Amino acid sequence: MSFVAPFTDKLHSLAEVLIQSFPEQFDATLFEQIEQQIEDPATNIGQMAVAVAMSDFVAEAWQKQPAFLAKCWEKLPHFEDCDQYAERLNEVLQDVQTEEQLYRELRLFRAREMVKLSVCQSLNFATVEQVFIRLSQLAESLIIGARDWLYARACEEMGTPMDAQCNAQQLYILGMGKLGGFELNFSSDIDLIFTYPSQGETVGARRSVDNAKFFTRLGQRLINALDQYTADGFVYRTDMRLRPFGDSGALALSFNAMEQYYQDQGRDWERYAMIKGRILGAQATDPNVAVLQNLLRPFVYRRYIDFSVIQALREMKQKIEREVRRRNLTDNIKLGAGGIREIEFIVQVFQLIRGGREIALQQHELLNLLPELSRLNLISIEQESDLRHAYLFLRRAENVLQAIKDQQTQQLPENEWDRQRLIFACAEFTQWSAQQESVSVTYPIHDWASFLAVLHEHQRKVRSVFQSLIGDEQEENTSENAWEDFLETDFDEQELLGILQQNGVPEAEQDAVLDRLLQFRNELPRYAIGVRGRAVLNRLMPNLLEQVLHTPNSPVLLPRILTIIEKILTRTTYLELLAENPQALTQLIELCAQSKFIAEQVARHPILLDELLDQKSLRNPPHFTEYASELQQYLLRLPQDDEEQFIDGLRQFKHAALLRIAAADILGVLPVMKVSDHLTYLAEAIIGAVVNLAWQQIAVRFGVPEHLAEGEKNFLVVGYGKLGGIELGYKSDLDLVFLYDPASNSQTVGGKKVIDSNQFYLRLAQKIVSIFSMNTSAGILYDVDMRLRPSGDAGLLGCSFAAFENYQLNEAWTWEKQALVRSRAVFGEQKLRDEFETIRHKVLSAPRDLVQLKQDVCEMREKMYEHLAKHDDAQFNIKTDQGGITDIEFIAQYLVLAHSPQQPALTRWSDNVRIFEIMAEYGMISDTDSERLKQCYVDLRNRIHHLNLLGLPSVVDGAEFCAERAFVREMWARLFH
């Protein structure tokens with residue numbers, strides 16, 4: 001007994017507590033007794049010495065409860081004292097009046113009873129099985145005792161919950177895991193699920209609440225009563241994550257809701273967990289107990305022999321092995337190879353496979369199931385014996401470890417004292433024999449090496465049985481993907497931060513990335529993903545996260561990708577598209593990394609994911625002149641009489657085309673000028689389709705103007721700004737002007753109502769704008785800006801060619817003539833296009849005062865600069881600051897307006913690059929200046945373009961583009977001063 005001698009000090013401390021608390025009963029002779037009896041196992045003090053030597057928790061609990069210590073000093077508890085928990089606890093709780101008192105009494109009661117069981121364990125007063133059965137019974141009594149006390153108080157406060165037949169409702173608690181199997185560890189968490197029979201309301205209170213609210217509040221109070229840490233400690237760490245939908249699910253569900261969940265969404269691991277599910281405090285006379293049992297049984301036990309669970313359990317075991325590697329859980333007697341979990345798997349796989357037909361397998365206790373497995377010839381008698389002895393040895397070691405400090409651990413200790421405790425406890429202990437008799441088992445253990453030898457032999461035998469029954473025939477999954485089990489396993493924050501660090505995520509960004517990952521995982525239960533969808537997601541996410549977090553700037557990319565995944569969670573086909581097509585996933589990640597725009601488009605319109613499969617299409621976009629015919633073919637597939645679907649089709653075509661253009665842009669297939677060509681001609685194709693649709697709809701109601709020939713519209717759409725200059729960007733709006741050529745006194749014919757032709761064209765213009773602006777499930781087509789029409793917002797939406805010409809020649813401001821430089825016809829018959837070009841040419845080449853022109857242009861530029869630029873020397877706004885895009889555009893417009901009166905041919909082009917070329921051709925500027933202006937313009941546009949793709953403003957560091965800005969300012973000074 002020399003093992004206990006170093007713990008004399010603890011006994012002296014306990015003796016001091018007794019002397020101080022009960023001076024009339026105990027005196028200083030206690031110290032002499034300790035010295036005399038500590039080495040004698042036959043004395044009470046000698047046995048107490050063993051108890052405190054084996055458990056620090058026991059000594060601390062005795063110190064906190066002197067009255068209980070006094071009883072134990074007189075006579076240590078034996079196993080027969082560890083029973084009738086419910087009755088004794090109820091006696092204690094009868095006098096409890098407040099929740100504060102309840103918390104205290106539950107904790108003190110639990111501490112006393114745990115001390116008794118620890119003493120029985122340390123002194124071999126009980127078998128291993130008896131200890132964990134009593135631990136489970138104690139927990140059940142505390143849970144039910146707390147529930148009943150809180151239920152009575154909740155009914156006083158909120159009324160009694162009733163069903164439709166006015167039957168009182170109770171909260172039913174499923175004990176899961178080891179609690180459900182009467183196999184609780186000394187310091188186990190408890191896994192619970194709360195449920196109640198049916199919906200209804202409370203009665204008997206001033207204000208009724210529905211049953212769901214009542215039982216949720218009751219459940220919350222019960223968890224606090226058990227889990228909250230107070231000065232007296234805690235009762236049990238309580239885990240509710242096994243409930244339907246996990247942390248995101250309701251705390252308490254009705255029977256019907258539970259049944260629906262397990263029928264529709266129950267997963268393999270939930271079947272596995274529910275094997276141990278047991279209704280705590282169940283009364284045989286309670287009809288709801290049978291109802292709940294019958295509700296859950298079909299989910300767990302299938303009528304047929306279910307061999308599919310072997311692979312499911314194999315995958316679960318592989319997850320545990322990955323967790324062991326990830327957390328470096330070597331020497332873990334529960335999770336390691338040949339550990340407790342493997343024994344549980346062996347038993348439970350047979351329960352899941354054959355439990356539907358073999359009623360004897362529909363029970364919770366592992367040790368009761370082992371003989372049933374050998375009786376059914378599912379394992380041999382030798383295997384049954386090996387598993388039983390290994391299980392009891394491992395559980396003995398586990399309980400001894402946890403009783404030391406009342407802490408949950410399965411890790412073999414590294415300090416010498418705790419190793420000595422294991423050696424002492426496992427060398428000899430009592431257990432039941434196969435004949436249900438208490439026997440003493442002795443192992444050749446005398447030091448740590450011999451303990452490990454015995455342990456490893458047990459583990460080897462377990463591993464052998466496991467491999468022969470459900471081990472993977474192929475090489476075991478040794479995936480090194482750190483995210484393999486992210487969705488199914490409880491990674492703690494430190495583990496996740498470690499993985500992020502390994503992936504090179506900057507330390508400053510790690511918290512934000514971690515928050516987004518946890519948000520994604522925690523919100524998953526809110527989505528009705530289904531079993532198939534969950535399986536696909538589990539395959540997809542590890543690969544996705546590994547790729548994303550190895551990408552530069554992953555803190556920006558991750559939210560973009562997760563937002564897309566969240567949008568398609570309930571669309572399993574899209575999840576499968578990405579899971580089964582690694583190229584498509586890689587393509588999506590690459591595109592989203594370089595383009596916020598693409599990420600937003602795909603998130604908003606997941607149908608675009610189909611485009612990612614066609615690699616050839618992405619890298620070989622159609623010629624920009626083909627969009628009109630492509631769109632026409634696409635629209636022919638849509639029902640022509642369904643306006644909403646037709647308009648949605650236009651939007652979907654646009655989104656798909658934009659994705660292909662952006663992909664070709666990012667992949668380097670298209671330079672920036674060609675990108676603008678594609679975007680511009682795509683817009684033109686859509687404008688044509690919109691005008692035709694609007695014409696058709698207006699014509700149905702009003703007919704068409706009587707002066708028109710077959711196929712004529714006499715309606716022209718003029719594009720200004722970026723559309724007119726063939727420089728459209730991904731998010732550009734459309735600056736439009738509508739012109740028409742009505743005959744005098746013409747009316748419509750062929751419709752339900754006759755109107756003047758001018759009215760017809762105005763209604764057509766309104767309809768066009770309405771179609772563009774209509775917000776459907778696919779968004780809007782384009783933002784349309786009509787402010788460049790004659791008289792701006794005060795003018796009509798459309799005007800005749802004659803009115804347009806008169807306004808431009810006689811009323812338009814200089815800035816409106818500047819705008820006309822960047823204009824061109826984008827829809828309409830050729831004769832109308834020619835007529836507009838004639839007007840444009842006439843206006844731009846009209847004589848003008850050069851001094852006044854310079855003044856007007858400079859004043860307008862100054863006004864824009866004051867209103868749009870932010871004047872920050874540390875930054876450069878590429879578009880609005882001096883030396884930027886706007887200055888270059890104004891230079892081009894000035895050159896056209898200044899020189900076209902002398903050289904009318906200079907009005908030909910509407911885009912800046914070709915304006916500079918023709919100016920050089922006619923000697924208005926030098927070839928060198930032309931080339932430098934073009935290069936500055938293209939370089940600045942390139943940079944704006946890529947910033948827009950990334951979703952960033954058109955602002956860069958002030959040190960950038962210094963040479964370009966200086967040259968543009970030099971050109972400005974030469975022209976305007």
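A quick note: this is a predicted structure, and the numbers were derived from the prediction, not measured. Every heavy atom of this structure was used, including side-chain atoms; hydrogens, water molecules and symmetry mates were not.
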Run the salt bridge (Lys or Arg N to Asp or Glu O under 4.0 Å) test on Glu964 and Arg932 for me, step by step, so that the C-alpha distance in whole Å, both residues' side-chain angles and the decisive distance to 0.1 Å come before the verdict.
CA-CA 8 Å; Glu964 291 84 353; Arg932 288 202 67 183; over 6 Å; no

Given Arg532 and Glu576, is the salt bridge (Lys or Arg N to Asp or Glu O under 4.0 Å) satisfied, shown in steps?
CA-CA 10 Å; Arg532 174 171 150 235; Glu576 288 177 328; 2.8 Å; yes

Taking it one step at a time, do Val769 and Met774 satisfy side-chain contact (heavy atoms from CB on, under 4.5 Å)?
CA-CA 9 Å; Val769 174; Met774 190 182 300; over 6 Å; no

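Residues meeting the salt bridge (Lys or Arg N to Asp or Glu O under 4.0 Å) test with Arg539, sequence neighbours left out: Glu580. The salt bridge (Lys or Arg N to Asp or Glu O under 4.0 Å) check on Arg789 picks up nothing, with sequence neighbours excluded. Residues passing the side-chain contact (heavy atoms from CB on, under 4.5 Å) test with Gln587 are Glu590, Leu591, Leu612, Gln615, Leu618, Leu667, sequence neighbours excluded. Under the side-chain contact (heavy atoms from CB on, under 4.5 Å) criterion, Asn543 pairs with Gln547, Leu585, not counting sequence neighbours. Contacts of Thr886 classified as side-chain contact (heavy atoms from CB on, under 4.5 Å), with partners at least two apart in sequence or in another chain: Arg861, Met864, Lys879, Phe890. Not counting sequence neighbours, Glu816 has no partner by the salt bridge (Lys or Arg N to Asp or Glu O under 4.0 Å) test. With sequence neighbours excluded, no residue forms a salt bridge (Lys or Arg N to Asp or Glu O under 4.0 Å) with Arg571. Residues forming a ring pair (Phe, Tyr, Trp, His ring centres under 6.0 Å) with Phe738 (at least two apart in sequence, or on another chain): Phe715. With sequence neighbours excluded, the residues forming a side-chain contact (heavy atoms from CB on, under 4.5 Å) with Glu921 are Ile918, listed by chain and number.
Between the CE atom of Met541 and the CD1 atom of Ile565 there is a distance of 6.0 Å, given to the nearest 0.5 Å. Summarising the geometry, atom OG belonging to Ser954 is positioned 4.5 Å from atom CD1 belonging to Ile944; distances are rounded to the nearest 0.5 Å. Between the OG atom in Ser823 and the CG atom in Asp735 there is a gap of 11.0 Å [rounded to 0.5 Å]. Separating the NE2 atom in His655 from the CZ atom in Arg604 is a distance of 7.5 Å, to the nearest 0.5 Å. The CG atom of Asp648 sits 11.5 Å away from the CZ atom of Phe646 when rounded to the nearest 0.5 Å. Atom-to-atom distance recorded for Leu820:CG and Ser910:OG is 10.5 Å, nearest 0.5 angstrom.
Between Val718 and Arg824, every side-chain heavy-atom pair lies at or beyond the 4.5 Å cut-off. With contacts defined as side-chain heavy-atom distances shorter than 4.5 Å, the pair Phe961/Ile878 qualifies.
Note on ring orientation: taking the six-membered ring where Trp is involved, the planes of Phe836 and Phe804 are tilted (angle from 30° to 60°).
Checking Lys767 against Gln697 by side-chain atom types alone, a donor-acceptor pair falls below 3.5 Å.
For CG of Asp783, the number of neighbouring non-hydrogen atoms (other residues, nucleotides, ligands) closer than 6.0 Å is 12 at most. Other residues, nucleotides and ligands contribute over 12 non-hydrogen atoms within 6.0 Å of the CG atom of Asn810.
Ion pairing between a basic and an acidic side chain is recognised when a charged N comes within 4.0 Å of a carboxylate O; Arg833 and Glu837 show no such pairing. Ionic pairing of Lys934 and Glu931 is present here: one or more N-O contacts between side-chain nitrogen and carboxylate oxygen are shorter than 4.0 angstrom. Contact check on Lys713 versus Glu829 returns no salt bridge, with no Lys/Arg side-chain nitrogen under 4.0 Å from an Asp/Glu carboxylate oxygen.
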With a cut-off of 3.5 Å and sequence neighbours excluded, list every side-chain donor-acceptor pair involving residues 670-679.
| residue | atom | partner | partner atom | Å |
| --- | --- | --- | --- | --- |
| Ser676 | OG | Leu728 | O | 3.3 |
| Ser676 | OG | Arg941 | NH2 | 2.3 |
| His678 | ND1 | Tyr627 | OH | 2.8 |

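Applying the salt bridge (Lys or Arg N to Asp or Glu O under 4.0 Å) definition to pairs two or more places apart or across chains, those involving residues 700-712 are Glu712-Lys831. Counting only residues at least two apart or on different chains, no salt bridge (Lys or Arg N to Asp or Glu O under 4.0 Å) pair has a member in residues 736-764.
Tyr782 does not carry Lys731 over the face of its six-membered ring by the limits of under 6.0 Å from the centre and within 45° of the normal.
For the pair Thr572 and Gly533, the tightest heavy-atom approach, listed with the atom from each and the gap, is OG1-CA, 3.6 Å. Between Leu844 and Ser900 the shortest heavy-atom distance is O-CB, 3.6 Å. Here the shortest heavy-atom pairing between Ala699 and Val704 reads CB-CG1, 3.8 Å. Between Leu557 and Ala593, the shortest heavy-atom distance links the atoms CD1-N, 3.5 Å.
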